[in-house]
Participant: 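Dropping the structure in here first, questions after.
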Protein chains: 2
Amino acid sequence: MKLAYLAKIPQAQAALRATGERVTEPRVAVLATLLSSDHAMSHLDVAAMVAKHHTIDRVTVYRVLDWLVGVSIAHRIAGDDRVWRFMLNPQASAQGAGKKTAHHAPSHAHAHFTCNTCGQTFCLDKVQPKMNVKLPTGFRTTEVDLKIRGLCAECK
Amino acid sequence: MKLAYLAKIPQAQAALRATGERVTEPRVAVLATLLSSDHAMSHLDVAAMVAKHHTIDRVTVYRVLDWLVGVSIAHRIAGDDRVWRFMLNPQASAQGAGKKTAHHAPSHAHAHFTCNTCGQTFCLDKVQPKMNVKLPTGFRTTEVDLKIRGLCAECK
DNA sequence: AACCTTTTTGCGACTCAATTGCATCTACGA
DNA sequence: TCGTAGATGCAATTGAGTCGCAAAAAGGTT
Ligand SMILES: [Mn+2]
Ligand SMILES: [Mn+2]
Ligand SMILES: [Zn+2]
Ligand SMILES: [Zn+2]
């Protein structure tokens with residue numbers, strides 16, 4: 001919880017400018033929101049936060065979120081409640097974020113933790129799922145997702 | 001693909017009787033369907049298969065599927081398309097399947113593989129995600145989910 | 001600064017998996 | 001055979017996410 005939306009706006013603008021793509025109010029607002037959170041946020045979470053300072057359509061929030069994933073600034077995490085949650089990629093603010101990639105960021109190889117009690121989802125950037133899994137013959141891996149459920153530090 | 005729905009009906013009935021719960025036509029039909037599949041099936045997959053032999057409401061199929069998860073005969077797998085897929089637990093036919101558990105079957109500790117091309121989801125019962133993951137202080141694990149995406153043997 | 005072209009946004013309608021409420025039916029123990 | 005807890009059918013509803021299109025920027029150019 002590093003609640004500091006307003007303070008994150010300049011950083012958001014800089015990161016967006018670095019992509020070479022258009023810097024718009026909805027993009028700044030959504031990115032600043034993600035920058036202010038230490039855990040993954042659903043579309044609804046983001047929209048609610050953004051609504052405190054702007055009037056932005058929910059469809060636009062959906063599209064901005066998808067766009068942020070496309071330009072490798074954020075990644076999306078599937079929840080057990082059929083809701084996507086979004087979080088910044090590890091070094092999103094520092095690096096210039098490469099061009100659009102098909103899916104996840106290439107550097108996105110960390111685990112996710114969801115607390116059974118508070119429902120919050122975190123990225124465990126330290127936990128590299130170095131799976132030396134033996135797949136059946138003929139199977140080829142392109143991506144690995146590790147999801148851990150349990151109790152977070154707050155809720156234990 | 002071991003397509004043999006009718007042949008699985010006695011086995012389904014036996015497994016259901018073993019739970020001590022009520023043995024109904026929808027339950028037999030849905031379980032026989034799952035028994036006849038080597039890969040995870042969506043609600044729609046199951047309903048379509050069942051419809052060839054019975055007239056069962058789609059809501060009932062939803063409820064039976066949930067019930068099968070509850071009594072630890074099957075487990076559900078979240079897809080990237082926001083659709084649940086269901087598959088029998090490893091030894092569902094042999095064991096007497098314990099009482100209702102809160103979530104996944106306790107013995108459910110295997111990985112899932114989804115093919116990017118054909119979309120089929122398989123359970124990799126051989127792949128035990130023996131994660132020696134280091135969680136942040138205070139975090140406690142209750143469940144680990146490993147999802148692998150790639151190309152299956154058929155599609156490669 | 002006015003202009004042009006390309007994106008992006010707002011809004012309404014829509015999709016579709018899954019859920020809910022409720023009346024009716026049924027599996028199965030007594 | 002009966003009684004009843006539990007299961008089913010049906011219609012309505014929820015809710016995340018998507019689509020089409022016209023109006024509104026963003027940002028480069030003159
Ligand atoms: Mn992550
Ligand atoms: Mn499985
Ligand atoms: Zn928690
Ligand atoms: Zn395949």
Side-chain angles (χ1 to χ4, degrees), chain A residues 12-31 33 40-48 50-51 53-71 73-86 99-100 119 121, chain B residues 9 12-31 33 40-51 53-71 73-86 99-100 119 121:
Chain A
Q13 292 173 319
L16 290 174
R17 236 176 281 120
T19 67
E21 304 279 312
R22 292 193 182 177
V23 179
T24 65
E25 183 187 332
R27 288 179 179 174
V28 173
V30 169
L31 180 49
T33 299
M41 300 179 83
S42 68
H43 161 268
L44 205 66
D45 295 334
V46 174
V50 161
H53 306 272
H54 311 76
T55 302
I56 296 176
D57 192 79
R58 39 179 230 100
V59 176
T60 301
V61 175
Y62 275 117
R63 291 196 272 230
V64 168
L65 251 8
D66 288 348
W67 179 83
L68 287 173
V69 172
V71 298
I73 288 180
H75 62 281
R76 70 167 85 209
I77 306 157
D80 291 337
D81 52 2
R82 310 186 347 116
V83 172
W84 292 108
R85 269 161 246 277
F86 297 82
K99 288 278 99 183
K100 306 182 184 185
T121 296
Chain B
I9 289 187
Q13 292 173 320
L16 290 174
R17 234 175 282 120
T19 66
E21 304 279 312
R22 294 196 182 175
V23 179
T24 66
E25 183 188 332
R27 288 179 179 175
V28 173
V30 169
L31 180 50
T33 299
M41 300 178 82
S42 68
H43 161 268
L44 204 65
D45 295 335
V46 174
M49 180 84 236
V50 161
H53 306 273
H54 310 77
T55 303
I56 296 175
D57 193 79
R58 22 182 300 281
V59 175
T60 301
V61 174
Y62 275 115
R63 292 197 269 228
V64 169
L65 253 7
D66 288 347
W67 178 84
L68 287 173
V69 172
V71 296
I73 288 180
H75 62 280
R76 69 169 85 209
I77 306 157
D80 290 338
D81 52 3
R82 306 182 359 109
V83 171
W84 292 109
R85 269 161 245 277
F86 298 82
K99 287 280 98 180
K100 307 183 183 184
T121 296

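Note on naming: letters A, B, ... go to the chains in the order of the sequence lines (proteins, then strands), and numbering restarts at 1 for each one.
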Participant: Categorize A/R27 for me: base, sugar-phosphate, or nothing, with a 4.0 angstrom heavy-atom threshold over every strand shown.
Facilitator: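 Sugar-phosphate contact only.
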
Participant: Kindly indicate whether the side chain of A/R22 and the base of C/dT6 share any N or O donor-acceptor pair separated by less than 3.5 Å?
Facilitator: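 A donor-acceptor contact between them is present.
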
Participant: For A/D57 and D/dG20, what is the distance between atoms CG and P respectively, to the nearest whole Å?
Facilitator: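 For the pair A/D57 CG and D/dG20 P, the rounded distance is 17 Å.
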
Participant: Which nucleotide sits closest to the side chain of B/V23: D/dT8, D/dA7, C/dC28?
Facilitator: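 My answer, after comparing the listed nucleotides, is C/dC28.
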
Participant: Rounded to whole Å, please give me the gap between OH in B/Y62 and C1' in C/dC16.
Facilitator: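 Going from OH in B/Y62 over to C1' in C/dC16 covers 8 Å.
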
Participant: Roughly how far apart are A/M41 CE and A/I77 CD1, rounded to 0.5 Å?
Facilitator: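 Between atom CE of A/M41 and atom CD1 of A/I77 there are 12.5 Å.
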
Participant: Hey, is the side chain of B/T24 poking within less than 4.0 Å of OP1 or OP2 on D/dT8, counting only N and O atoms?
Facilitator: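 Yes, because at least one side-chain N or O of B/T24 sits under 4.0 Å from OP1 or OP2 of D/dT8.
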
Participant: Rounded to the nearest Å, what distance is computed from the CD atom of residue B/E21 to the C1' atom of nucleotide C/dT26?
Facilitator: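 Those two atoms, CD and C1', are 15 Å apart.
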
Participant: Quick one: the side chain of B/R82 and the base of D/dG17, do they pair up donor-acceptor inside 3.5 Å?
Facilitator: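 Looking at the base of D/dG17, it does not pair with any donor or acceptor on the side chain of B/R82 (distance under 3.5 Å).
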
Participant: Side chain of B/T60, heavy atoms from C-beta onward: which of C/dG10, D/dG17, D/dT8 has the nearest atom to it?
Facilitator: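 Among C/dG10, D/dG17, D/dT8, the one nearest the side chain of B/T60 is D/dT8.
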
Participant: In whole Å, what is the span from the CG atom of A/D45 to the C1' atom of D/dA16?
Facilitator: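 Taking CG of A/D45 and C1' of D/dA16, I get 13 Å after rounding.
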
Participant: Take atom CZ of A/R63 and atom P of C/dG10, then tell me their distance rounded to the nearest Å.
Facilitator: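 About 9 Å, once rounded to whole Å.
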
Participant: Between CD of A/E21 and CD1 of A/I73, what distance do you get to the nearest 0.5 Å?
Facilitator: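 If we round to the nearest 0.5 Å, A/E21:CD and A/I73:CD1 are 9.5 Å apart.
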
Participant: Are B/D45 and B/M49 packed together at the side-chain level, in the sense that at least one heavy-atom pair is separated by less than 4.5 angstrom?
Facilitator: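 No, side chains not in contact.
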
Participant: How many Å lie between CH2 on B/W67 and P on D/dG6, as a whole number?
Facilitator: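 Nearest whole value for this atom pair: 13 Å.
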
Participant: Answer with base, sugar-phosphate or nothing: what part of the nucleic acid does B/L44 contact at a heavy-atom distance below 4.0 Å?
Facilitator: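 No contact.
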
Participant: Would you mind reading off the distance between B/R76 atom CZ and C/dA17 atom P, rounded to a whole angstrom?
Facilitator: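 Computing the B/R76:CZ to C/dA17:P distance gives 15 Å.
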
Participant: With side-chain contact (heavy atoms from CB on, under 4.5 Å) as the test, would you mind laying out the steps for B/D66 and B/R76 before giving the verdict?
Facilitator: CA-CA 9 Å; B/D66 288 347; B/R76 69 169 85 209; 2.8 Å; yes

Participant: Can you check the A/L16 CG to D/dA26 C1' distance for me, whole Å?
Facilitator: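 A/L16 atom CG is separated from D/dA26 atom C1' by 13 Å.
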
Participant: I'd like to know if the side chain of A/R27 and the backbone of A/R22 have a donor-acceptor N/O pair within less than 3.5 Å.
Facilitator: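 Yes, A/R27 side chain to A/R22 backbone: donor-acceptor pair under 3.5 Å.
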
Participant: Regarding B/V59, tell me which of base, sugar-phosphate or nothing describes its non-hydrogen contacts under 4.0 Å with the strands shown.
Facilitator: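 Counting heavy atoms under 4.0 Å across all strands, the contact made by B/V59 includes a base.
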
Participant: Taking any heavy-atom pair under 4.0 Å as a contact, classify A/R58: base, sugar-phosphate, or nothing.
Facilitator: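 Base contact.
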
